[in-house]
Amino acid sequence: MEYDYKNLGLSEAELFAFADHNDMESEKITAPRYSYWRSVFRVFFRKKVNIAILGVLLFVIAFAYIYPSVTNYDPYANLLDSNSKHLSPAAAIKYFGFDLKWILGAGASGEPTFDAIWNGSRISISLAFLCAAINMTVGVCIGAVWGFSKKVDAVMMVVYNIVGNIPMILIISVLAMLFAPTFWTMVFALTIVGWIGIAYFIRTQVVIIREREYNLASRCLGTSTIKIAMKNILPFMTSVIVTLLATELPSYISYEVFLAYIGLGMSEMSLGRLIFSAEAAMVTPGWEMEFWSPVAISAIITIVLYVVGQNLGDASDPRTHM
Amino acid sequence: MGKYVLKRLLHGVVSAVIVVLIVMVLIYSLLNRNTIMAGDPNYSKLQSNARITYEQSRYEAYGYQDYVPYADYLIELQRGGEITEEDRATAATIGRTPEKDNELAAKYIQQFTETYQSQGYEVVRLDADLRGNGQVKDGGQAALYAVRDIPLINRAISYFADMFFIDNVHYVDDAVDIGERGITFTWYDPVYNPTGTENVFSPAIIGNGTMHKYLLYFDNEFPWLHQNILTLNLGESYTVNRGVDVFTTMTASQGSYVLKPLTYPDTGLTEDSADNLHTATYAAGSREINGVYVERFGDDYTNVITHKVAKSKLGFSFVIGIISTALAYCLGLPIGLLMARHKEGLLDKIGTAYIIFIIAVPSLAYIFLFKSLGGRLFGLPTLFDMDTSGTNHLMYILPIVSLTLPSLANLMKWMRRYMIDQMNSDYVKFARSGGLTESEIFTKHIWKNAAIPITHGIPGSIIFAMTGAIITERVYSVPGAGNLLTQAINKYDNSVIVGVTLFYAVLSVIAIILGDVLMATVDPRISFTNKAR
């Protein structure tokens, strides 16, 4: 369509003015500044529910670490007092007087259930964080190499097929019998083969991304493998890794509960041990609190960890940053 | 395809063998064997030398070592005719110290020591344990034995060599006179024709001199035609189910006996019995030892498995597992589909909350939750009772529900994920622009593509329905196969641990291969061979 510029009421000079050309100006990028992690947190905190859940998580963790260290928890303090055992919350408050620690009643040896579950939470949370840190670090590093090198892949697939077929409970029970079933044995048992599943997951992701066109182009331009891994692939994997972490962290707490339940737990009174030792109390009228309190707190911890992790994983996907 | 599957199977067999080797190293070399004694009531009652020899004999029973007491060696010599009964008795008397041995004993002790040391045994002599007054303490008698740890390689080779047993007429010691050895075929199975006049047509192959009396027979139990020619030995149990093979432990029926009138074909005796005569195996000299057998059996094939009311361990696990798997697929796939279809809708939100609940909450917690809910609100039985399991099917409900919940959540999660991934692909946009309705796109196009990765897991979930679930079975006290491994670990039943591990390893190899084959069958684009399409 012919544009009628004659009737715009502009002079010839105005219509055909030379634009300034500035080399420096063209180097400037007009898009807004973008910082990856700032955007992650901006997206994460945009949802009010995330703030609330993160608050709950921080509160639970802080309480689990601070509360047992400021109160002197001695599970056998009331051992000789036969009236103090298996008390419902009301009976415990009536018997001992009102105190925060009696609001969930008393357990099998007269110990306050409230103290016991926070003590147990501290052990279980420590276990989960430690195992997740070790397994994720080892798993991601080995998984990256595994995905990149075809030679390593051939060897590792055999290792994976073999290790994956050894029953985990067998390994744990052998280790628990070799060493004493302490906290550190449990960490060792959960990490000695635990990384391999994570490494396999990362390997699959790396294999998928490795063959993408932009990496092919990068390799054609002569980029070194390490730079491709660090600059091209790792940023792509951040959200995957965070999402994986979100499922891994609670899984250690669940797994510890499971192991304790089948009698392979550690000697410390973790949440799993509490559930295991209070199993009989579940069906006894009036004693239910002893069983349901550790179950409830472990459920709360795992759900909160999972939801925060998942939402952080969503937020760390750059496609959500728009 | 066939070649590829064969290659994969071979790889699988190799990795299963390595798994068995690793497990053997774990339990025989790394585990502290002293812990066995902690749970042994007899051990604490014994003292002094008797305690040491008892300990050695236990280690042999648990499969750690070869243990030969001197007395057994002499008995063996006597049986071989190298030494007379009187000389044996004299030679068996060990002096309090080596110097006090009588002449004959010294000679044979020397021979014993040389024989076993040359075979790599360690020969141990314990001098008599004396009280202050010179009398021998309780259990303090002098003892002599040879002992050798079984090397891993020997153990592994003999384990795999003994795994498959082909029955043959030379199974019974050739020195024993059992009449004419051989295999006979009959059209009229004697179990159904005990007096020979019933004329019940049922072909069977019967052996004499073989381990099993009935090598091939029909009966009314699945799979109707049974064979005993090739038997599988995964390892003989010691503590969990004494003297019984792992595989038999898993497949034999449980509970109380089913008594039915039975006529023994050999003697014509009729009585109420639970014996399953088809399972008879040879037990040397059993009629001499136990007179009861004489009036029932005409030969030493007296060791029979009995009919019991309840299913086997595998049977219980499989029934519960297969129903819950079927439920999970029937519910999980449509729900996942609907969640993807109405993304961000109410169903999607409820479904996601449910998935989060199942993933995040420890499985123990929600199983107990459903147990108490089911028990209180619906009055369902919360504990399993083997003897009434055939009639009261209500007790299956809660274990099935507990087992369905996690796999349902898992299927919903993946189905939704795959559907949503497919929804953004080009062929969907093309179909939409071509004017297809949403439901046509979903059921005809997206669903078919999204279901392909799901099919990969189907053989696995069916096969692993058999192995049972540890927590569910424990919580509801289901007598299934899930707890066999933990039970064996707790009771140090080493051969059961090895057997069960091998069983699981083989199952998982088969499950993965079947999954790949099924996926390649469903999706013609997937090919495992390099042939150009």
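Protein chains get the first letters and strands the later ones, always in sequence-line order, with residue 1 at the start of each.
A:Met136 CE to A:Leu245 CG: the interatomic distance, rounded to the nearest 0.5 Å, is 5.0 Å.
At a 4.5 Å heavy-atom cutoff, the contact between B:Ile22 and chain A is made by side-chain atoms alone. If you measure heavy-atom distances from B:Ile489 to chain A, the contacts under 4.5 Å come from both the backbone and the side chain. Heavy atoms closer than 4.5 Å to chain B are found nowhere in A:Tyr255, neither backbone nor side chain. Within the 4.5 angstrom heavy-atom criterion, no atom of A:Val304 approaches chain B. Neither the backbone nor the side chain of B:Val14 comes within less than 4.5 Å of any heavy atom of chain A. Only the side chain of B:Ile497 comes within contact range of chain A, with at least one heavy atom under 4.5 Å from a heavy atom of that chain. For A:Ile162, the parts sitting under 4.5 Å from any heavy atom of chain B are the backbone and the side chain alike. Both the backbone and the side chain of B:Leu369 come within contact range of chain A, each with at least one heavy atom under 4.5 Å from a heavy atom of that chain. With a threshold of 4.5 angstrom between heavy atoms, B:Thr382 does not approach chain A through any atom at all. Of the atoms belonging to B:Phe368, heavy atoms from both backbone and side chain fall under 4.5 Å from chain A. Contacts of A:Ile275 with chain B are made by side-chain atoms alone, with heavy-atom separations under 4.5 Å and no backbone atom involved.
Put simply, the side chain of B:Ser317 never gets that close to the backbone of B:Leu314: no donor and acceptor are under 3.5 Å apart. In this structure, the side chain of A:Thr185 does not engage the main chain of A:Pro181 through any donor-acceptor pair within 3.5 Å. Side-chain atoms of A:Asn311 do not come within 3.5 Å of backbone N or O of A:Asn50 as any donor-acceptor pair.
With no hydrogens or angles considered, a side-chain donor-acceptor pair links A:Glu248 and A:Tyr252 at under 3.5 Å. There is a side-chain donor-acceptor pair under 3.5 Å between A:Glu256 and A:Ser270.
Outside the 6.0 Å centre-distance limit, the rings of B:Tyr476 and B:Phe384 are not counted as a close aromatic pair. Taking the ring centroids of A:Phe188 and A:Trp184, they lie at or beyond the 6.0 Å cut-off.
Listed options B:Asn483, B:Val361, B:Asn490 were ranked by heavy-atom pairs under 4.5 angstrom with chain A; first place goes to B:Val361. Heavy-atom pairs under 4.5 Å with chain A peak, among B:Ile512, B:Val23, B:Ile359, at B:Ile359. Among B:Leu26, B:Thr486, B:Ile27, B:Val509, the residue making the largest number of heavy-atom pairs under 4.5 Å with chain A is B:Leu26.
Within the cation-pi definition used here (under 6.0 Å to the ring centroid, within 45° of the axis), B:Arg155 qualifies as a partner of B:Tyr28.
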